[in-house]
Every structure is written in C-alpha cells, then in structure tokens.
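Below: one structure, written as structure tokens.
Here is how names work: the chains are called A, B, and so on, in the same order as the sequence lines, proteins then strands, and each is numbered from 1.
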Number of protein chains: 2
Amino acid sequence: MSDYKIKFYKCDCNVIHEEIVNMVKGKMPPEENLYNLAELFKAFGDTTRMRILWALAESEMCVCDIAVLSNMTVSAISHQLRVLKQARLVKYRKDGKIVYYSLDDEHILSSTMG
Amino acid sequence: MSDYKIKFYKCDCNVIHEEIVNMVKGKMPPEENLYNLAELFKAFGDTTRMRILWALAESEMCVCDIAVLSNMTVSAISHQLRVLKQARLVKYRKDGKIVYYSLDDEHILSSTMG
DNA sequence: ATAACATATGAACAAATATTCATATGTTAA
DNA sequence: TTAACATATGAATATTTGTTCATATGTTAT
C-alpha cells in the first residue's frame with residue numbers, strides 16, 4: 001500500500017486514477033512519433049512560414065519574389081525556406097541562378113490547410 | 001525603368017516576376033488570419049502538448065494523471081494545459097479539488113490528427 | 001577574368017518559449 | 001481550524017527560435 005506510490009516516484013503527486021493512466025499509457029504512440037508530429041506542426045506554427053506556404057499554394061515562386069511579397073529580406077526568407085524544406089513541405093528547382101520553390105506535397109497541404 | 005525598382009525599396013532584391021507577385025498578393029488572406037492559423041498550429045507544435053492531446057483523445061484525465069503519464073511535474077503540465085486551454089483545444093471540469101481536462105473540440109482534433 | 005546578381009549559410013543578437021522553483025488558492029479530511 | 005492535497009501561477013532560468021549582418025557559393029553577363 002505504501003509501495004504503491006513508489007512506482008511513480010518521478011512525479012510530485014499521487015496517481016488518482018491508476019487504471020486510466022495505464023489504459024492510456026498502453027495506447028500512446030511511441031515518443032518518436034509524438035516528436036515527429038510535433039515537429040511537423042511546428043513548421044506551420046510561424047506567421048512567416050504560414051505566409052510562404054499560402055503563397056506557394058497559389059504559385060511556384062523564387063526566393064526574391066517571396067521576399068518582396070512578404071516584405072522581408074531575402075536572407076530571412078531563405079532561412080525559413082530551409083526549415084520548410086527540412087519538414088518536406090516545400091521543394092525547389094533551379095533555373096540558372098534563380099531557385100523556384102513550390103509545395104512539396106500538395107496532398108498533405110490541401111487536406112491540412114483546407 | 002529605373003523607378004520600377006523603387007516600388008519595392010524595402011526588399012534587398014529585384015522583383016523577378018512582378019505579375020506573379022501581384023497575383024499572389026491579391027489572393028493572400030489577411031495578416032490576422034495567417035497569424036491566428038500559425039498560433040493554432042503552434043499549440044500542436046510541442047511534444048509535451050502533443051502527448052497531452054493524444055492522451056486526452058483516449059480519456060478525460062486529471063492534471064496529476066497527465067503528469068504521471070508524461071513523467072513530468074504537475075507544474076509543467078499545468079502550464080502547458082493553460083496554453084492548450086487558451087488555444088481552445090482542451091476544456092476542463094472541476095470535481096472538488098480535482099480538475100479534469102478533456103479535448104474541447106473533438107471535431108477539430110479528429111480531423112486534424114486523424 | 002571580372003562584375004553583378006540570386007541564393008545560402010554561419011555567427012550574433014533579440015525575442016519567445018518550456019521548465020523549475022517557490023508560493024498561492026481553494027478544497028477535503030482530520 | 002488545521003493539515004494535507006490538487007492545481008494554478010509568477011518569477012527565474014535555460015533553451016529554442018527568428019531575424020540580421022557579413023560573407024560565401026554558384027551562375028550569368030560583360
């Protein structure tokens with residue numbers, strides 16, 4: 001009875017509903033999945049990136065165009081495009097010295113952003 | 001010809017495709033909408049909050065239970081629940097000294113999180 | 001080759017955020 | 001009423017993140 005608490009020594013409270021906690025624990029996805037999903041949402045969680053994505057939903061655009069549209073520096077846009085690229089939300093193609101960005105997976109975006 | 005550039009003096013580049021920029025600009029949602037949408041995604045963009053939401057998708061839980069499940073302090077969980085509450089993703093009911101949290105809008109969550 | 005340009009990138013800085021710690025509030029039990 | 005408890009909250013701290021600045025890379029035009 002007193003060693004009941006000891007199972008949860010890392011928490012600063014008593015378990016109120018052990019059955020529910022165990023049931024829910026059994027249904028939780030692996031930590032890595034939670035992390036990856038949160039990272040994906042994080043990519044959408046910034047006004048600048050949201051603006052870029054919305055713009056690219058209309059048309060492929062080069063970095064300079066996106067900067068003008070956003071009224072921000074090319075450098076700032078380039079940094080954010082890297083984040084979006086790492087999240088696989090945008091892809092790019094090069095044409096000479098110009099780099100054109102577009103949505104990477106139109107399917108994910110159209111179902112997520114409506 | 002030279003005053004063409006001057007329209008975009010706030011950017012450190014030349015407009016490559018003015019037509020596209022203007023077309024896209026006309027289709028962009030108001031800044032406030034972009035901001036609000038980004039804020040919503042931001043609420044999902046943290047592993048701790050994602051874990052809480054996933055847990056609450058299984059069952060209503062009290063703060064202490066969530067802390068045990070998450071292996072985090074009650075205080076940390078309470079702070080994050082406040083963020084989720086402000087984003088209207090969770091709601092709560094009080095029963096004595098225990099506060100039970102649950103998903104606020106099952107519809108939004110089920111369509112967003114699958 | 002050199003200059004001009006589009007973009008990328010690393011470092012520095014500023015701002016936002018997550019967690020901890022101490023403490024406050026409100027409820028139940030003694 | 002006092003003690004124990006569940007939760008909330010403000011301040012402090014540590015970490016993360018967004019932007020700027022300087023500079024690098026690679027391409028085109030001269």
Side-chain angles (χ1 to χ4, degrees), chain A residues 2 5 8 10-18 20-21 34-35 38-39 41-52 60-87 90-102, chain B residues 2 5 8 10-17 21 34-35 38-39 41-52 60-87 90-102:
Chain A
S2 55
K5 274 188 189 174
F8 304 102
K10 284 193 181 179
C11 174
D12 58 347
C13 66
N14 305 306
V15 175
I16 307 298
H17 312 93
E18 197 179 2
I20 288 182
V21 171
L34 287 175
Y35 176 80
E39 286 301 302
F41 278 109
K42 199 178 290 184
F44 289 98
D46 174 81
T47 308
T48 299
R49 290 193 295 270
M50 186 62 72
R51 193 185 301 114
I52 293 174
E60 165 187 85
M61 295 179 88
C62 72
V63 179
C64 178
D65 286 349
I66 300 173
V68 171
L69 178 81
S70 308
N71 203 32
M72 290 178 67
T73 64
V74 167
S75 179
I77 295 300
S78 184
H79 278 296
Q80 295 298 357
L81 283 169
R82 188 159 56 87
V83 174
L84 293 172
K85 205 163 49 185
Q86 281 169 348
V90 303
K91 61 184 193 296
Y92 65 94
R93 68 178 178 86
K94 291 187 181 175
D95 184 13
K97 55 185 171 182
I98 302 179
V99 180
Y100 293 93
Y101 280 85
S102 57
Chain B
S2 54
K5 274 187 188 176
F8 305 101
K10 284 192 178 175
C11 176
D12 58 347
C13 66
N14 305 307
V15 174
I16 309 298
H17 312 92
V21 171
L34 288 174
Y35 176 81
E39 286 301 302
F41 279 109
K42 199 178 291 182
F44 289 97
D46 174 82
T47 307
T48 299
R49 289 193 295 270
M50 186 62 73
R51 192 186 300 114
I52 293 174
E60 164 186 87
M61 294 179 88
C62 71
V63 178
C64 179
D65 286 349
I66 299 173
V68 171
L69 179 81
S70 307
N71 203 31
M72 291 177 68
T73 65
V74 167
S75 180
I77 295 299
S78 184
H79 278 297
Q80 295 297 358
L81 283 170
R82 188 158 57 86
V83 174
L84 293 172
K85 206 163 47 184
Q86 282 168 348
V90 303
K91 61 183 191 298
Y92 65 94
R93 70 177 176 87
K94 291 186 181 175
D95 184 13
K97 56 186 172 182
I98 302 178
V99 179
Y100 293 93
Y101 281 84
S102 57

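Taking side-chain N and O atoms only, A:Arg49 has no distance below 4.0 Å to OP1 or OP2 of D:dT17.
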Protein-nucleic acid N or O pairs under 3.5 Å, nucleotides 6-10 of chain C:
unit_1: C:dT7; atom_1: OP1; unit_2: A:Val63; atom_2: N; d: 3.4
unit_1: C:dT7; atom_1: OP1; unit_2: A:Val99; atom_2: N; d: 3.2
unit_1: C:dT7; atom_1: OP1; unit_2: A:Val99; atom_2: O; d: 3.4
unit_1: C:dT7; atom_1: OP2; unit_2: A:Cys64; atom_2: N; d: 2.8
unit_1: C:dA8; atom_1: OP1; unit_2: A:Tyr101; atom_2: OH; d: 2.7
unit_1: C:dA8; atom_1: OP2; unit_2: A:Ser78; atom_2: OG; d: 3.0
unit_1: C:dT9; atom_1: O4; unit_2: A:Ser75; atom_2: OG; d: 2.7
unit_1: C:dG10; atom_1: O6; unit_2: A:His79; atom_2: NE2; d: 2.7

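Proximity of a side-chain donor or acceptor of B:Ser70 to a complementary backbone N or O of B:Ile66 within less than 3.5 Å is detected.
Looking at residues two or more places apart in sequence or on another chain, you find a side-chain hydrogen bond (donor to acceptor under 3.5 Å, both in side chains) between A:Glu39 and A:Lys42.
Within 6.0 Å of OH on A:Tyr92 lie no more than 12 heavy atoms contributed by other residues, nucleotides or ligands.
With rounding to whole Å, B:Asp46 atom CG is found 9 Å from C:dT17 atom C1'. When the C1' atom of D:dG18 is taken as reference, atom CD1 of A:Ile52 falls 12 Å away, rounded to whole Å. To the nearest angstrom, P of D:dT16 lies 17 Å from NZ of B:Lys42. Remark: C1' of D:dG18 and OH of B:Tyr35 are 14 Å apart, rounded to the nearest angstrom. Going from atom CD1 of B:Ile77 over to atom C1' of C:dC21 covers 16 Å, rounded to whole Å.
Across all non-hydrogen atoms, the minimal contact from B:Ala43 to B:Arg49 is O-NE, 2.8 Å.
Rounded to the nearest 0.5 Å, atoms SG (A:Cys62) and NZ (A:Lys97) are 11.5 Å apart. B:Arg51 CZ to B:Thr48 OG1: the interatomic distance, rounded to the nearest 0.5 Å, is 5.0 Å.
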